[in-house]
There are 2 protein chains.
Amino acid sequence: MKSEVSAAVLLIGDEILSGRTQDANLRQIAEFLQPLGVPVKEARVVTDDQSAIVDAVRALSAAHDYVFTTGGIGPTHDDITADAMAVAFGRSIDVRDDARAILEEWYARSGTQITDARLRMARIPVGASLIANPVTGAPGFQIENVFVMAGVPKITRGMLEDVAHRIEGGPVTHTVSVRLEDVREGDIAAALGVRAQEHTEISFGSYPWFEDVGGALRRGVVLVARGRDEAFLDSLRGRLEALG
Amino acid sequence: MKSEVSAAVLLIGDEILSGRTQDANLRQIAEFLQPLGVPVKEARVVTDDQSAIVDAVRALSAAHDYVFTTGGIGPTHDDITADAMAVAFGRSIDVRDDARAILEEWYARSGTQITDARLRMARIPVGASLIANPVTGAPGFQIENVFVMAGVPKITRGMLEDVAHRIEGGPVTHTVSVRLEDVREGDIAAALGVRAQEHTEISFGSYPWFEDVGGALRRGVVLVARGRDEAFLDSLRGRLEALG
């Protein structure tokens with residue numbers, strides 16, 4: 001039995017693992033889910049390889065309430081996510097009329113020809129429900145508790161708008177964040193540990209930062225407290241600042 | 001039997017999953033490993049939770065030649081990575097003299113007091129070898145095929161310098177990248193698929209991009225070809241550009 005709602009993110013694509021592309025989707029999905037009360041508890045990044053995608057999505061779907069995937073649903077030969085999802089959930093897959101109609105209407109407006117390659121984007125597993133794509137037309141889809149979305153961050157963000165109403169969230173978590181300068185983690189670790197023991201319902205974190213300012217190195221720590229009682233968190237702010 | 005050398009990255013920390021911090025380490029580790037001929041084939045992000053860390057590092061250590069972890073080795077109560085690694089590999093852990101000596105020398109130079117919290121950073125599993133930290137002193141460590149490093153990107157980068165000589169790489173992969181404007185993936189998908197079938201020893205990828213330039217949306221595609229024969233890849237560049 002899971003005691004809390006949780007989500008996982010699965011990023012699909014050689015370009016993220018190779019370092020060629022800096023992922024932006026994990027962060028934007030987490031920020032989107034936060035006010036819905038659904039924390040992201042795990043993320044994975046896999047290559048454009050069917051068995052890697054299938055294994056990961058099955059594991060994450062079983063362990064979490066919701067899974068969000070990005071990448072691999074475009075028109076090119078290396079876009080294999082839709083077929084991998086069909087395999088993972090034992091569904092058949094083909095070009096589906098509802099998705100094809102969306103593409104036809106979209107491309108008709110711009111006078112673009114629908115090629116065989118573009119029609120690949122209408123391949124949707126049986127029983128999946130479509131996710132609207134307000135940016136480039138080609139839809140994503142939801143299969144069981146998995147939301148399959150595009151990898152281009154602007155398109156991902158657009159698709160999330162059509163996902164929000166499908167999420168049943170838990171209690172919302174609030175955050176207080178305090179930035180201290182000229183402090184090292186070791187200076188405040190003991191005091192922060194005491195706070196954490198006093199307030200076990202609050203999650204405390206500390207994150208060191210370093211900055212070059214005109215050639216001079218500055219350092220400090222960001223302290224973060226996370227919990228459900230917004231008023232209490234506000235009251236903590238001063239005590240966290242006083243650690244600096 | 002693994003036919004190729006492969007690596008995995010394990011990012012540890014609530015702050016990445018919450019979206020509060022944008023990870024930069026996956027990319028910099030991948031870029032560091034690329035010229036060593038070690039591709040990153042998988043990455044995971046887990047919370048500051050012992051069983052989550054233990055399960056992930058065991059799975060990745062068994063599936064890949066090398067694992068690189070970042071985060072959770074600082075002085076505060078939420079830094080539990082070192083203890084989790086000891087559990088994962090069945091080792092005992094305590095403050096170790098060699099690590100303590102490094103901290104003492106480092107802090108003596110700056111006249112900083114060694115607190116109990118700072119001594120936590122000298123907790124190293126039995127049998128692990130230290131990884132030098134040229135930025136803030138406190139060492140990382142290698143345990144079996146796992147390199148345990150700090151999460152602050154500047155420190156991670158510094159530690160990688162002391163990891164390079166421990167890596168036995170595979171053949172180096174080269175990359176050719178071509179940026180096309182005013183092209184949609186669907187326009188070139190068929191031609192790119194033909195290239196991919198002609199040259200199965202090359203990995204072809206296509207990545208759409210969108211940009212706002214003074215309010216006007218521009219779009220295009222970046223084509224990437226990756227393989228071992230650098231001269232052949234160079235000869236491909238013109239043919240990829242001709243797809244635009």
Side-chain angles (χ1 to χ4, degrees), chain A residues 9 11 13-24 26-31 34 39-48 52 74-78 112 115-118 120-121 135 151-152 154 175 177 184-190 192-193 196 203-210 224 226, chain B residues 9 13-24 26-31 34 39-48 52 74-78 112 115-118 120-121 135-136 151-152 154 175 177 184-190 192-193 196 203-210 224 226:
Chain A
V9 172
L11 308 171
D14 293 346
E15 77 278 20
I16 297 171
L17 287 173
S18 71
R20 220 188 52 76
T21 295
Q22 170 66 54
D23 169 62
L26 173 54
R27 186 177 201 174
Q28 81 168 348
I29 291 168
E31 288 177 343
Q34 199 275 333
V40 177
K41 289 293 192 185
E42 184 178 0
R44 297 194 190 183
V45 193
V46 296
T47 59
D48 299 306
T76 62
H77 67 283
D78 58 332
T112 304
T115 57
D116 283 349
R118 291 203 165 99
R120 275 176 60 83
M121 295 190 286
V135 181
V152 177
K154 285 177 198 184
T175 299
S177 175
R184 289 189 278 194
E185 270 198 306
D187 298 327
I188 48 91
L192 191 67
S203 160
F204 290 92
S206 78
Y207 308 104
W209 57 267
F210 299 87
V224 178
R226 195 181 293 275
Chain B
V9 172
D14 294 344
E15 76 278 19
I16 296 171
L17 286 174
S18 71
R20 219 187 55 75
T21 295
Q22 170 67 54
D23 169 63
L26 173 54
R27 186 177 200 175
Q28 83 169 347
I29 292 169
E31 288 176 343
Q34 198 276 333
V40 177
K41 289 294 193 185
E42 184 177 1
R44 297 194 191 184
V45 193
V46 296
T47 59
D48 299 307
T76 62
H77 68 284
D78 58 332
T112 305
T115 58
D116 283 349
R118 289 203 167 99
R120 276 176 59 82
M121 295 190 287
V135 181
T136 54
V152 176
K154 285 176 198 184
T175 299
S177 174
R184 289 189 278 194
E185 271 198 305
D187 298 328
I188 48 91
L192 192 67
S203 160
F204 291 92
S206 78
Y207 307 104
W209 56 267
F210 299 87
V224 178
R226 195 180 294 273

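Lettering follows sequence order; numbering is per chain, from 1.
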Check: Closest approach of B:Ala196 and A:His77, non-hydrogen atoms and distance?
Finding: CB-NE2, 3.7 Å

Item checked: Residues that B:Asp48 engages under side-chain hydrogen bond (donor to acceptor under 3.5 Å, both in side chains), provided they are two or more places apart -> none

Next item on the list: State, with a plain yes or no, whether a side-chain heavy atom of B:Val40 is found less than 4.5 Å away from one of B:Glu31.
Entry: no

Item checked: chain A contact via B:Thr115 - which portion, at a heavy-atom distance below 4.5 Å -> side chain

Next item on the list: List the atom of A:Arg20, the atom of B:Arg27, and the distance in Å for their closest heavy-atom pair.
Entry: O-NH2, 3.1 Å

Notebook entry, point to check: Between B:Glu185 and A:Pro75, which heavy-atom pair has the shortest distance, and what is it?
Noted result: OE1-CD, 3.2 Å

Next item on the list: Quick one: which of A:Arg44, A:Arg184, A:Arg120 has the most heavy-atom pairs under 4.5 Å with chain B, could you say?
Entry: A:Arg44

Check: Of the backbone (N, CA, C, O) and the side chain (C-beta and beyond), which part of B:Tyr207 lies under 4.5 Å from a heavy atom of chain A, both, or neither?
Finding: side chain

Item checked: Which portion of A:Pro208 sits near chain B, non-hydrogen atoms under 4.5 angstrom -> both

Margin query: Need one label for B:Asp23: side chain, backbone, both or neither, based on atoms under 4.5 Å from any heavy atom in chain A.
Written below: backbone

Check: In terms of heavy-atom proximity below 4.5 Å to chain A, should B:Lys154 be classed as side chain, backbone, both, or neither?
Finding: side chain

Item checked: Least distance between heavy atoms, B:Leu26 atom then B:Ala43 atom -> CD1-CB, 3.9 Å

Notebook entry, point to check: Where does A:Gln34 contact chain B at under 4.5 Å (heavy atoms): side chain, backbone, both or neither?
Noted result: neither

Notebook entry, point to check: Considering only heavy atoms, which portion of B:Val224 lies under 4.5 Å from any heavy atom of chain A: side chain, backbone, both, or neither?
Noted result: side chain

Note to self: Could you measure the distance from the CG atom of A:Leu11 to the OG1 atom of A:Thr21? Nearest 0.5 Å is fine.
What the structure shows: 11.5 Å

Next item on the list: Identify which of A:Lys41, A:Gln28, A:Met121 forms the greatest number of heavy-atom pairs closer than 4.5 Å to chain B.
Entry: A:Lys41

Check: Looking at B:Val46 and B:Ala52, what are the two nearest heavy atoms and their distance?
Finding: CG1-O, 4.0 Å

Next item on the list: Apply side-chain hydrogen bond (donor to acceptor under 3.5 Å, both in side chains) to B:Thr175 and list each qualifying residue two or more places apart in sequence or on a separate chain.
Entry: B:Arg226

Notebook entry, point to check: Non-hydrogen atoms of chain B under 4.5 Å away: do they reach the side chain of A:Ile29, the backbone, both or neither?
Noted result: neither

Checklist line | Under 4.5 Å from any heavy atom of chain B - which part of A:Leu17 | finding: both

Notebook entry, point to check: What residue, out of B:Gly13, B:Gly74, B:Ala30, has the most heavy-atom pairs lying under 4.5 Å from chain A?
Noted result: B:Ala30

Notebook entry, point to check: Using a cut-off of under 4.5 Å for heavy-atom pairs, which of A:Ala190, A:Gly151, A:Gly186, A:Ala189 has the most such pairs with chain B?
Noted result: A:Gly186

